[in-house]
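Written out below as structure tokens is the structure these notes cover.
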Protein chains: 2
Amino acid sequence: MSKSRKVKKPNQRKPLVELTEAEWEIMKVVWEKQPCSAGTVQEKLVKSRDRAYSTVKTTMDRMAEKGFLTIKRIRNLQLFQACISEIDARRGEFRKMLKRAFDGTLTPLMQFLIEHEGLSKEEASQLRKLVTRAKNSKD
Amino acid sequence: MSKSRKVKKPNQRKPLVELTEAEWEIMKVVWEKQPCSAGTVQEKLVKSRDRAYSTVKTTMDRMAEKGFLTIKRIRNLQLFQACISEIDARRGEFRKMLKRAFDGTLTPLMQFLIEHEGLSKEEASQLRKLVTRAKNSKD
DNA sequence: GAATATATTCGACAACTGTCGAATTTGTCA
DNA sequence: TGACAAATTCGACAGTTGTCGAATATATTC
């Protein structure tokens with residue numbers, strides 16, 4: 001038996017998830033509170049940025065059409081649940097950014113962070129730790 | 001006289017640059033060829049994704065209105081130049097992503113990269129080098 | 001200077017986003 | 001059962017984005 005070396009993952013072909021600004025705000029609440037109603041989400045959001053119930057509900061319905069949420073009906077009530085994970089959403093957001101602005105590869109991004117985003121000594125150290133850990137935990 | 005330690009930069013208040021997909025494609029050509037005409041940009045873009053001249057021109061005019069490009073007229077010709085740097089655009093794109101998807105801070109992003117984006121040993125090593133260099137060059 | 005080639009102008013349109021209010025449906029309770 | 005409350009439905013609208021063609025203006029070339 002060969003080593004348990006991972007077989008190269010066959011590039012996931014699932015299209016990347018792309019959320020709009022409003023969708024991100026809603027998804028964050030849903031991930032936290034699901035299953036939950038539109039009202040619950042609206043009440044939570046109203047504290048940060050004021051939006052009418054129907055605004056939130058409309059957006060959530062559209063998200064369900066897009067396959068980001070599912071609706072479970074209980075009598076008169078609709079309970080929403082996420083169909084995508086936070087990881088998927090983060091991946092989509094990150095890759096879109098990387099592709100648009102950094103040629104799709106990490107190196108230019110890292111270069112940019114260090115040269116222009118003022119990575120502090122502490123951040124750098126933290127990063128280094130993370131990277132080291134990564135080194136020891138895979139391939 | 002105190003050490004030449006940098007004074008904390010007073011958070012730049014310039015609003016972050018945000019480009020759309022089409023704008024990114026155009027900006028890349030402009031950065032490379034400026035000053036250049038809409039025709040030049042269109043000819044370059046037509047190779048990758050086919051777009052009519054008027055599509056490119058309309059978008060560039062809108063970008064001028066938004067302050068991303070300036071137009072210098074020479075007789076009948078309009079020469080476009082960038083008003084924003086690639087760094088500014090990258091910064092905008094990166095920060096938008098960070099804010100939306102990673103709480104606005106680097107650590108969760110790095111965590112994500114290592115756990116879910118399959119940072120390879122080589123990439124990790126490269127990253128480590130960059131970070132080390134950063135450590136020695138600042139603060 | 002007439003024909004040809006190049007640019008610019010500008011209105012138009014569909015899709016997507018963010019936003020809401022009004023009408024309707026469905027509970028709940030005294 | 002009738003009144004009040006809570007949810008849902010749905011049409012609407014303005015702003016942005018991506019797209020383009022037709023009309024117009026401006027060179028260039030025989």
Side-chain angles (χ1 to χ4, degrees), chain A residues 15-30 33-81 89 92-93 96 100, chain B residues 15-30 33-81 89 92-93 96 100:
Chain A
L16 288 188
V17 170
E18 291 200 16
L19 301 178
T20 68
E21 190 60 31
E23 288 171 347
W24 263 104
E25 288 177 2
I26 287 169
M27 277 313 288
K28 284 175 189 172
V29 181
V30 172
K33 308 221 161 199
Q34 66 183 323
C36 61
S37 71
T40 304
V41 175
Q42 192 257 334
E43 280 158 25
K44 184 93 194 233
L45 285 184
V46 90
K47 287 166 195 165
S48 37
R49 225 202 285 175
D50 197 24
R51 280 197 208 77
Y53 169 84
S54 52
T55 299
V56 175
K57 180 63 161 58
T58 299
T59 305
M60 291 178 79
D61 286 341
R62 289 176 183 166
M63 289 168 81
E65 277 167 21
K66 291 184 187 177
F68 296 153
L69 297 175
T70 37
I71 302 179
K72 190 189 299 183
R73 295 185 125 84
I74 297 184
R75 307 182 61 81
N76 186 35
L77 230 73
Q78 294 179 6
L79 291 186
F80 289 83
Q81 289 194 102
E93 199 68 34
K96 182 178 63 181
R100 274 189 178 178
Chain B
L16 287 188
V17 170
E18 289 200 17
L19 301 177
T20 68
E21 189 60 31
E23 288 171 347
W24 262 104
E25 287 176 2
I26 287 170
M27 278 312 289
K28 284 176 189 172
V29 181
V30 172
K33 308 220 161 198
Q34 66 182 323
C36 61
S37 71
T40 304
V41 174
Q42 192 258 335
E43 280 159 25
K44 185 94 195 236
L45 285 184
V46 89
K47 288 167 194 165
S48 36
R49 226 204 281 178
D50 198 24
R51 279 195 209 77
Y53 169 84
S54 52
T55 299
V56 175
K57 180 62 160 59
T58 299
T59 305
M60 291 179 78
D61 287 341
R62 289 175 183 168
M63 289 169 80
E65 277 167 21
K66 291 184 187 177
F68 296 152
L69 297 174
T70 35
I71 302 179
K72 189 188 299 180
R73 294 185 126 83
I74 298 182
R75 307 180 63 80
N76 186 33
L77 230 71
Q78 294 178 6
L79 291 187
F80 289 83
Q81 288 194 103
E93 199 68 34
K96 182 178 63 177
R100 274 189 178 180

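Every chain is numbered from 1 and lettered A, B, ... according to where its sequence line falls, protein lines coming before strand lines.
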ask   = Does A:Tyr53 make a side-chain N or O approach to OP1 or OP2 of D:dA6 shorter than 4.0 Å?
value =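 Result: no.
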
Could you state the interatomic distance from [atom1] ([X]) to [atom2] ([Y]), rounded to the nearest 0.5 Å?
{"X": "B:Gln34", "Y": "B:Leu79", "atom1": "CD", "atom2": "CG", "result": "11.0 Å"}
{"X": "B:Met27", "Y": "B:Met60", "atom1": "CE", "atom2": "CE", "result": "8.5 Å"}
{"X": "A:Asp61", "Y": "A:Gln78", "atom1": "CG", "atom2": "CD", "result": "6.5 Å"}

query = Who are the side chain to side chain donor-acceptor pair (under 3.5 Å) partners of A:Arg49, not counting sequence neighbours?
reply =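 A:Arg49 satisfies side chain to side chain donor-acceptor pair (under 3.5 Å) with A:Glu25 only.
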
message = Taking side chain to side chain donor-acceptor pair (under 3.5 Å) as the definition, give me every residue that meets it alongside A:Glu18, ordered by chain and number, with sequence neighbours left out.
response =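 Applying side chain to side chain donor-acceptor pair (under 3.5 Å) to A:Glu18 gives none.
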
Gap between atoms [atom1] and [atom2], on [X] and [N] respectively (whole Å):
{"X": "B:Glu21", "N": "D:dG18", "atom1": "CD", "atom2": "P", "value": "7 Å"}
{"X": "A:Lys57", "N": "D:dT8", "atom1": "NZ", "atom2": "P", "value": "5 Å"}
{"X": "A:Arg75", "N": "D:dT8", "atom1": "CZ", "atom2": "C1'", "value": "16 Å"}

task = Could you note down all residue pairs passing side chain to side chain donor-acceptor pair (under 3.5 Å) where residues 37-46 of chain B supplies at least one of them, sequence neighbours left out?
result =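 Only B:Glu32-B:Lys44, B:Ser37-B:Thr40 qualify under side chain to side chain donor-acceptor pair (under 3.5 Å).
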
task = Under 4.0 Å from any atom of DNA chain C, heavy atoms only: list the residues of residues 60-74 of chain B that qualify, in numerical order.
result =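 Listed by number, they are B:Arg62, B:Arg73.
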
key: Contact interval (first through last nucleotide) of DNA chain C with protein chain B, 4.0 Å heavy-atom   =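 Counting from the 5' end, contacts occupy C:dA7 to C:dA12.
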
ask   = For DNA chain D, which residues in residues 42-51 of chain B have a heavy atom at a distance below 4.0 Å?
value =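 Under 4.0 Å from DNA chain D: B:Arg49, B:Arg51.
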
request  = Write down the atom of B:Met63, the atom of B:Ile26, and the distance for their closest heavy-atom approach.
outcome  =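 Closest approach of B:Met63 to B:Ile26, heavy atoms only: SD-CG2, 4.0 Å.
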
